[in-house]
K.L.:
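This is the structure I have questions about; it appears just below.
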Number of protein chains: 2
Amino acid sequence: MKKKAVVNDTSVCQVRIQAISDTMSVLSGKWKFHIVGTLIEGNKLGFMDLLREVNGIGTKMLSKELQDLEMNQLVSRTVMNTKPITVEYALTEYGKTLSPLIDELAKWGVGYRQSIIDSKSI
Amino acid sequence: MKKKAVVNDTSVCQVRIQAISDTMSVLSGKWKFHIVGTLIEGNKLGFMDLLREVNGIGTKMLSKELQDLEMNQLVSRTVMNTKPITVEYALTEYGKTLSPLIDELAKWGVGYRQSIIDSKSI
DNA sequence: GGAAGTGGTTACCTATAGGAAACCACCTTG
DNA sequence: CAAGGTGGTTTCCTATAGGTAACCACTTCC
């Protein structure tokens, strides 16, 4: 019996793999990270605000993605009692726990872009 | 001139949004986080090892995703001079900078799963 | 009354992500 | 020489993600 080059079959590792799947399934698609990232910066935003801020998104996708995020308790939707009715989208307390993740995402992206620039100038 | 409820038009913010896009474009698709996550655990792995470890992936996707990652300098591909030819995939030094990001991803996923369990048991 | 701004939904279309399976080459073992 | 293990590529197919545009309702402004 040869020893297989298996990684690490401990439950810790299985949990980790499962956890990555879970996170990705909640934040799947092209826009959710952007929307959450924007809401971290903006605190409370209306639909049209988000449409402007999230570069390139259309009404359909924004609407759908917000529903997804609301379903997963990450975003709250509050209809305000104003003259032209307005709706406020904001991160829930739980949604705010995504901050460190989004920060890492942004941080890595900055470094990545810099590394491309550096490699070009050699 | 009404003040628009614009988030934060500073360059810091624009960079951040751009950075999130960058990261997501490099790690797009269903499998890249899994593959990188597995390589973090496993150090050096062969094609068949990855095929076994990354649950559910097929040869085509694994092959394609590894090429993508190699192109972006995140993964190295080394053909070993062994009797039945073997290939070692490993994270590059730059690929290892993804560790904190993957860790956050996994950490959040664990918390998320727990929050689902908790909300059920109330 | 019509334009313009709020916040969407719906229908339609297409590009592509991703899966299954066949196939290829090379080497070793029986 | 056939089987089985390495490491893939190619073809073919489909599900779905995502884009465009039309449309809806309500309100205020002119």
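The chains referred to below are lettered A, B, ... by the order of the sequence lines, with proteins before strands, and numbering in each begins at 1.
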K.L.:
Counting N and O atoms only, with roles assigned by atom type, does the side chain of Y94(B) sit under 3.5 Å from a partner on the main chain of Y112(A), one being a donor and the other an acceptor?
P.N.:
yes
K.L.:
Under 3.5 Å, is there a donor-acceptor pair between the side chain of T92(A) and the main chain of S76(A)?
P.N.:
no
K.L.:
For the pair L27(B) and N72(B), evaluate side-chain contact (heavy atoms from CB on, under 4.5 Å) and give the outcome as yes or no after the intermediate values.
P.N.:
CA-CA 10 Å; L27(B) 295 171; N72(B) 286 317; over 6 Å; no
K.L.:
Check for a donor-acceptor pair, side chain of T38(A) on one end and backbone N or O of V54(A) on the other, with a separation under 3.5 Å.
P.N.:
no
K.L.:
What parts of residues 22-34 of chain B reach DNA chain D, counting only heavy atoms under 4.0 Å away?
P.N.:
none
K.L.:
Could you tell me how far apart I35(B) (CD1) and dG18(C) (C1') are, to the nearest whole angstrom?
P.N.:
13 Å
K.L.:
Any residue in residues 62-74 of chain B with a heavy atom nearer than 4.0 angstrom to DNA chain C? Just list them by number, or reply none.
P.N.:
none
K.L.:
Would the distance check show the side chain of D49(B) and the main-chain N or O of G46(B) forming a donor-acceptor pair, the cut-off being under 3.5 Å?
P.N.:
yes
K.L.:
Side chain of T59(A), base of dT9(C): donor and acceptor closer than 3.5 Å?
P.N.:
yes
K.L.:
Rounded to the Å, how far apart are E88(A) CD and dT6(C) P?
P.N.:
14 Å
K.L.:
Find the distance L50(B):CG to dG5(D):P and express it as a whole number of Å.
P.N.:
18 Å
K.L.:
Between dG5(D) atom C1' and I85(B) atom CD1, what is the distance in whole Å?
P.N.:
13 Å
K.L.:
In whole angstroms, how far is the C1' atom of dA21(D) from the NZ atom of K60(A)?
P.N.:
11 Å
K.L.:
Compare the minimum distances between each of dG7(C), dG8(D), dT6(D) and the side chain of R77(B), then state the nucleotide with the smallest one.
P.N.:
dG8(D)
K.L.:
Would the distance check show the side chain of D68(B) and the main-chain N or O of E65(B) forming a donor-acceptor pair, the cut-off being under 3.5 Å?
P.N.:
no
K.L.:
Could you give the CZ-to-P distance, from F47(A) to dT6(C), as a whole number of Å?
P.N.:
11 Å
K.L.:
To the nearest angstrom, how far is M80(A) atom CE from dG7(C) atom C1'?
P.N.:
15 Å
K.L.:
Consider only side-chain N and O atoms of T59(B) and S63(B), and report whether a donor and an acceptor are under 3.5 Å apart.
P.N.:
no
K.L.:
If only atom types and distance count, is the side chain of K32(A) paired as donor or acceptor with the main-chain N or O of S28(A) below 3.5 Å?
P.N.:
yes
K.L.:
Would you mind reading off the distance between M61(B) atom CE and dC13(D) atom P, rounded to a whole angstrom?
P.N.:
19 Å
K.L.:
Taking 4.0 angstrom as the limit, do D118(A) and R113(A) come out as a salt bridge?
P.N.:
no
K.L.:
Check the phosphate of dT6(D) against Y89(B), side-chain N and O only, distance under 4.0 Å to OP1 or OP2. Yes or no?
P.N.:
no
